[in-house]
Amino acid sequence: MLSSCYIEDYCKSYRPEWACDMPDGCPPHEVQVPDKHPFYRLSKYSDSYDADDFKTYAETDPKRNWGQLLPMAVGLSVIDNEVKARKNLKLPMFRQYKGIILLILNPIDGVVKQTGVHRSHYTWWRTKSFHMSNLQMLKL
């Protein structure tokens, strides 16, 4: 389930420690808080995941001037539709990915917002409270 929220209210309730430094206006003013909500993230491996699967664009290319895209670059892309995630694996632009990670996100894991042209795509601003230990690889 996702609940709409203002970031100020989320911060008052959960006192998040963000996984990376957040630029001004990030996370955005209006966000959604996941509560046992399934999301999917592409993985470089077909049968496992590692910390590299959770690096943001800003972390993988720190010297780049992200400009107005910086708030998105410090977030992670996730999909809220398993069928769409499976279809993405077949697209040429995602050829470096081989698997799909199932994440069940909760309020302490951070906030999300639907971004991009596809309704199933979200940006997730992760907290340090998120732990990779309870993730699951999907069978392809």
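The residues of the chain are indexed from 1 along the displayed sequence. Being a predicted model, the structure only gives us computed values, none of them experimental.
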Can you name the closest pair of heavy atoms from [X] and [Y] and give their distance?
X	Y	value
C26	P71	SG-O, 3.5 Å
K84	S120	CG-OG, 3.2 Å
I7	P28	CB-O, 3.4 Å

Judged by atom type as modelled, is there a donor-acceptor pair below 3.5 Å linking the side chain of [X] to the main-chain atoms of [Y]?
X	Y	result
D53	K44	yes
S46	K98	no
R126	F54	yes

Is any side-chain heavy atom of [Y] closer than 4.5 Å to one of [X]?
X	Y	result
L138	R86	yes
M72	W66	no
W18	P27	yes
R41	S77	yes
T123	K113	no
D109	P34	no

**OP:** Would you check if there is a donor-acceptor pair between the side chains of Y45 and D50 at a distance under 3.5 Å?
**Re:**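 Present: a donor and an acceptor within the cut-off.
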Subject >> Y40 reachable from M93 in the ILVMFWY side-chain graph, under 4.5 Å edges >> reply: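 Looking at the clustering, Y40 is in the same group as M93.
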**OP:** Report whether L42 and F39 are members of the same hydrophobic cluster (ILVMFWY, side-chain heavy atoms less than 4.5 Å apart, transitive linking).
**Re:**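 Shared cluster, no.
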Subject >> Among T115, V111, L105, the one residue meeting side chain to side chain contact (heavy atoms under 4.5 Å, CB included) with W124 >> reply: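 It is L105; the other options fail the test.
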